[in-house]
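Numbered from 1 within each chain, the chains take letters A, B, ... in sequence-line order. Quantities reported herein were computed from a predicted structural model and do not represent experimental measurements.
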Number of protein chains: 2
Amino acid sequence: MAYESTDTITPVFGALADPTRRAILHALARGPRSVSDLAADHDMALPSFLKHIGKLEKSGLVTSDKQGRSRMCRLRPDGFAPAQNWLAQEQARWGGALDRLAMHLETLEKGPRQ
Amino acid sequence: MAYESTDTITPVFGALADPTRRAILHALARGPRSVSDLAADHDMALPSFLKHIGKLEKSGLVTSDKQGRSRMCRLRPDGFAPAQNWLAQEQARWGGALDRLAMHLETLEKGPRQ
DNA sequence: GTGTTACTTAGCCATATGGCTTACGAATCA
DNA sequence: TGATTCGTAAGCCATATGGCTAAGTAACAC
């Protein structure tokens, strides 16, 4: 099997694999916020914080646009789809886990490998 | 809000943020497989491959036990729960996105921040 | 008991990640 | 105009990540 030609899943899971970024997403779920406003909750220098915003944007989970001197960030719920679809599809595969275990045991009986 | 005292979510998303590891999980959904059996699909040296297995184990998505000289790996479906719960909870938060937008606007009227 | 198979350990390497400071640009306020 | 605020840019640093080779150990096959 092959992965998607352009891998959209990896950056999404990558973005979610950090508590600071998850907290940002959590905050943005309440509505749009400016960068400095979001940053106020995180004891971290602004440039460091902006890297997180940047990663969230690249992953497709967040958009932002500049308004005057401040930058407003907003959630892009569609961005979660690649991750959720992957999880849903995999979950569907182990839906028949017990059946498959039985098949496996049967295989072992016919041609034990261990 | 605080994160879980011991962060179980980060390692799970971290484990999922790699195509090789997702492919391993995909393969294991069919049933248990040995390390070398799994590795055969991935043009990669065994020690490199084992690091991926190790990361999957630390994240709680996979278990393995030694049988003779080979190591059998099996999926741990429960391991996905932290990631799925987080996603589900967040999704619930932007479920009423329009309602919340209204609330947000109301808040702005009372105590404008921007 | 010798060889092969299946990991395992150790260590090297390049790049990515997550943090920092310092300094600059552009918008707003006084 | 001058000071402040909000974001950017550039560059440093330590650690993590994802790959490798080379050399072990333990189990099985002959």
May I ask you to verify if any side-chain N or O of [X] is less than 4.0 angstrom from the OP1 or OP2 atom of [N]?
{"X": "A:Ser48", "N": "C:dG18", "answer": "no"}
{"X": "B:Ser34", "N": "C:dA6", "answer": "no"}
{"X": "B:Lys55", "N": "D:dT17", "answer": "yes"}

(message) For B:Gln91 and A:Gln84, which I'm curious about, is there any donor-acceptor pair between the side chains at under 3.5 Å?
(response)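 On atom types as modelled, these side chains qualify, holding a pair under 3.5 Å.
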
Which whole-number value in Å describes the distance from [X] [atom1] to [N] [atom2]?
{"X": "B:Gln67", "N": "C:dA6", "atom1": "CD", "atom2": "P", "result": "14 Å"}
{"X": "B:Asp43", "N": "D:dG19", "atom1": "CG", "atom2": "P", "result": "11 Å"}
{"X": "A:His42", "N": "C:dG18", "atom1": "NE2", "atom2": "P", "result": "14 Å"}
{"X": "A:Phe49", "N": "C:dG19", "atom1": "CZ", "atom2": "P", "result": "11 Å"}
{"X": "B:Leu50", "N": "D:dC20", "atom1": "CG", "atom2": "C1'", "result": "14 Å"}
{"X": "B:Asp18", "N": "C:dA16", "atom1": "CG", "atom2": "C1'", "result": "13 Å"}
{"X": "A:Met72", "N": "C:dA27", "atom1": "CE", "atom2": "C1'", "result": "16 Å"}
{"X": "A:Lys58", "N": "C:dA16", "atom1": "NZ", "atom2": "P", "result": "10 Å"}

(request) Any chance you could measure A:Leu61, atom CG, to A:Asp78, atom CG, to the nearest 0.5 Å? (result)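 If I round to the nearest 0.5 Å, the distance is 10.5 Å.
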
(message) Between B:Asp41 and B:Arg33 (salt bridge meaning N to carboxylate O under 4.0 Å), is one present in this structure?
(response)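 Salt bridge present between B:Asp41 and B:Arg33.
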
(request) Inspect the contact between B:Asp18 and B:Lys55 and indicate whether a charged nitrogen and a carboxylate oxygen are less than 4.0 angstrom apart. (result)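 Here B:Lys55 does not pair with B:Asp18 in a salt bridge, since their nearest N and O are not under 4.0 Å apart.
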
(message) Show the nearest heavy-atom pair for residues B:His26 and A:Arg93, with the distance to one decimal.
(response)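 For B:His26 versus A:Arg93, the nearest heavy atoms are O-NH2, 2.7 Å.
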
From the options [options], select the nucleotide whose nearest atom is closest to the side chain of [X].
{"X": "A:Arg69", "options": "D:dC28, C:dA27, C:dC7", "answer": "C:dA27"}
{"X": "A:Met44", "options": "D:dC20, C:dG19, C:dC7", "answer": "C:dG19"}
{"X": "A:His52", "options": "D:dG7, D:dC20, C:dG19", "answer": "C:dG19"}
{"X": "B:Pro47", "options": "D:dG7, C:dT17, C:dT9", "answer": "C:dT9"}
{"X": "A:Leu46", "options": "D:dG7, C:dC7, C:dG18", "answer": "D:dG7"}
{"X": "A:Ser36", "options": "C:dC7, D:dC20, D:dG7", "answer": "D:dG7"}

(request) Using only heavy-atom distances, decide whether a donor-acceptor pair under 3.5 angstrom links the side-chain of A:Lys51 to the base of C:dG19. (result)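 Indeed there is one.
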
